[in-house]
Amino acid sequence: MTRIFSGIKPTGHLTLGNYLGALRQWVEVDQHRAESLFCVVDLHALTVEHDPARVRRLSRQAATLMLAAGLDPERCAVFVQSHVDEHARLSYLLECVANDGEMRRMIQYKEKSVRERERGGSVRLSLLTYPVLMAADILAYGADEVPVGEDQTQHVELTRDLAVRFNQRYGHTFVVPRATPPKVAARVMDLQEPTSKMGKSHESGAGIVYLLDEPEVVRKKILRAVTDSGREVVYDREGKPGVSNLLEILAACEGRGPEELSGAFDSYGELKKATAEAVVELLRPVRERHRELCAEPGRVDAVLRAGAEKARAMARPTVDAAYRAMGLMMPAGGEV
Ligand code: AMP
Ligand code: TRP
């Protein structure tokens, strides 16, 4: 059976980008057709300056939202990365397979390290090694597919390279995975700056729709979205990035292609109104379910505990095999 792994970092509140680029596909498609694991990758949230209490709060919120969006613990494992030691165990081995040049070439590292330095901060070493930990997340489970937004495809490529290299050097151990981005909305752009990705954090947040924003706030953000010169509503990502982003968001909400919607609107204003309503309706059940789940924190804890147990049992044999393959002496009795 196909195996799927994916994750979300608790570095901020989840956004419409997370939902359309990843979470929705996990809920609607992936968990029904494959053995799936979905993870709050909290160790990844420590790669930039962080507030410990906030990371803890956001981890719980991310897990709750994943369940609220419809991940079903009967169908998939939902868990927190730091609850399963195998990720960190395998990451070190993969650091001995990766080289520093390929890490420094990662686009996200280049962008984020510049940002950290500009802020006057130092760059954590873990920011450089982060894609190796991500590779460990995926390879530990023998995942075939990794449903992620477009910004993560380079990291999945690296994961493939590391898997192939390890297998060649030390014997076949890992499945070589592939990224499976959604067809529409694989890169949702910031509403105020439609040439940059909608990320979890931006000074003002005016261009970011958060999953837990009140409907009125969602409407306001979309109605104030930056559009392009001209008046025609056409899908052209290069020439009309603002309008194309709205078309893509609306198309994703309606399960259509953005080109199909080109020409369906007489003005930018009409497009904005339709998009705002579609997003409000899309997020309404998620917000409601989130509110219900917040009232039963014990239920979320129980799901995460069971998810981690299942994940541990799945990852352990592969990670142990990697230890043996690399020449480490296993303790007498066989298991670590
Ligand atoms: P992150 O928030 O960086 O942990 O991302 C979690 C998942 O959401 C990954 O699969 C990302 O590729 C996806 N994602 C994040 N932001 C966007 C975006 N603006 N558009 C599409 N997918 C996104
Ligand atoms: N790096 C991913 C992101 O920023 C999050 C992530 C960590 C992930 N480990 C993963 C995604 C494993 C898929 C599979 O979005």
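Numbering starts at 1 and runs along the sequence shown.
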- Under 3.5 Å, side chain of S91 to main-chain N/O of H87, donor-acceptor pair present? no
- Run the salt-bridge test on R219 and E277 with the 4.0 Å N-O cut-off and return the result as yes or no. yes
- Task: Kindly compute the distance separating CG (L16) from CE (M198), expressed to the nearest 0.5 Å.
- Result: 5.5 Å
- Query: Under 3.5 Å, is there a donor-acceptor pair between the side chain of H32 and the main chain of V27?
  - Reply: yes
- Item | From CA spacing to verdict: salt bridge (Lys or Arg N to Asp or Glu O under 4.0 Å), R75, D30 | CA-CA 10 Å; R75 294 187 173 275; D30 298 330; over 6 Å; no
- Item | Rounded distance [0.5 Å steps], OH in Y141 versus CE in M314 | 8.0 Å
- Any side-chain heavy-atom pair of L139 and T159 under 4.5 Å: yes
- Cationic N near anionic O, under 4.0 Å, D161 to R165: no
- Message: Under a 3.5 Å distance rule, please check whether N18 uses its side chain to pair with a backbone N or O of T15 as donor and acceptor.
- Response: yes
- Give a yes or no on whether a salt bridge exists between E270 and K273, defined as a side-chain N under 4.0 angstrom from a carboxylate O. no
- Task: Measure from the side-chain N and O atoms of R160 to the backbone N and O of P177, and report whether any donor-acceptor pair falls under 3.5 Å.
- Result: yes
- Task: I would like to know whether L304 and V78 meet side-chain contact (heavy atoms from CB on, under 4.5 Å); could you show each step before the answer?
- Result: CA-CA 6 Å; L304 296 178; V78 179; 4.1 Å; yes
- Message: Quick check: do V243 and E232 have side-chain heavy atoms less than 4.5 Å from each other?
- Response: no
- Message: If I take atom OG from residue S244 and atom CD from residue E259, how far apart are they, to the nearest 0.5 angstrom?
- Response: 9.5 Å
- Message: Quick one, Y19 and L14 - any side-chain contact, counting heavy atoms below 4.5 Å?
- Response: no
- Note on the structure: Nearest heavy-atom contact between S6 and V148 is OG-CG1, 3.7 Å
- Which word best sums up how the rings of W26 and F38 line up, parallel for under 30°, tilted for 30 to 60°, or perpendicular for over 60°? parallel
- To the nearest 0.5 Å, atom OH of Y109 lies from atom CD of E102 at 14.0 Å
- Salt bridge between K197 and E111, side-chain N to carboxylate O under 4.0 Å? no
- Item | Note, L191 side chain near I222 side chain (heavy atom, < 4.5 Å) | yes
- Show the numbers, then the answer: is there a side-chain contact (heavy atoms from CB on, under 4.5 Å) between R60 and D301? CA-CA 9 Å; R60 170 172 285 280; D301 286 332; 2.5 Å; yes
- Task: Kindly indicate whether the side chain of S204, heavy atoms from C-beta on, has any atom under 4.5 Å from the side chain of Q192.
- Result: no
- Reported CG-to-CG distance for the pair L246 and L223, which is rounded to 0.5 angstrom: 9.5 Å
- Query: Checking R24 side chain against A252 main chain: does a donor-acceptor pair fall under 3.5 Å?
  - Reply: yes
- Task: Output yes when E281 and R284 qualify as a salt bridge under the 4.0 Å nitrogen-oxygen rule, no when they do not.
- Result: yes
- Any side-chain heavy atom of L133 sitting closer than 4.5 Å to one from T129? no
- Message: Any donor-acceptor pair under 3.5 Å linking the side-chain atoms of K240 with those of Y268?
- Response: yes
- Y130 vs H155 aromatic rings, parallel, tilted or perpendicular, using cut-offs 30° and 60°? perpendicular
- Could you give the distance from CG (L250) to CZ (F265), rounded to the nearest 0.5 Å? 5.0 Å
- Trace of the salt bridge (Lys or Arg N to Asp or Glu O under 4.0 Å) decision for E118 with R115: CA-CA 5 Å; E118 275 171 3; R115 224 178 300 149; over 6 Å; no
- Check whether any side-chain N or O of T2 sits under 3.5 Å from a backbone N or O of A34 as a donor-acceptor pair, and report yes or no. no
- Message: Is there a path of hydrophobic side-chain contacts, each under 4.5 Å between heavy atoms of I/L/V/M/F/W/Y residues, joining L71 to L58?
- Response: no
- D42-S82 side chain donor-acceptor pair, cut-off 3.5 Å: yes
- Task: May I ask you to decide whether E248 forms a salt bridge with R187, counting only side-chain N to carboxylate O separations under 4.0 Å?
- Result: no
- Residues L158, R105; criterion side-chain contact (heavy atoms from CB on, under 4.5 Å); working and verdict: CA-CA 10 Å; L158 175 84; R105 278 199 296 279; over 6 Å; no
- Evaluate the side-chain proximity of V123 to L128: yes if any heavy-atom separation is below 4.5 Å, no if none is. no
- Query: Between the side chains of Q31 and D72, does any donor sit under 3.5 Å from an acceptor?
  - Reply: no
- Using the rule that two of Ile, Leu, Val, Met, Phe, Trp, Tyr join whenever any of their side-chain heavy atoms come within less than 4.5 Å, decide whether L261 and V184 are in one cluster. no
- Task: Would you indicate whether the side-chain heavy atoms of Y323 and R89 approach each other to under 4.5 Å?
- Result: yes
- Message: Does R289 form a salt bridge (Lys or Arg N to Asp or Glu O under 4.0 Å) with E292? I'd like the steps, not just the answer.
- Response: CA-CA 5 Å; R289 185 84 187 106; E292 288 165 18; 2.8 Å; yes
- Task: Determine, step by step, whether Q108 and Q154 satisfy the side-chain contact (heavy atoms from CB on, under 4.5 Å) criterion, reporting the C-alpha distance in whole Å, the side-chain angles of both residues, the deciding distance to 0.1 Å, and the verdict.
- Result: CA-CA 9 Å; Q108 221 170 56; Q154 193 189 28; 6.0 Å; no
- Message: I'd like to know if R119 pairs up with E116 as an ion pair, taking the criterion as any Lys NZ or Arg NE/NH1/NH2 lying under 4.0 Å from an Asp or Glu carboxylate oxygen.
- Response: yes
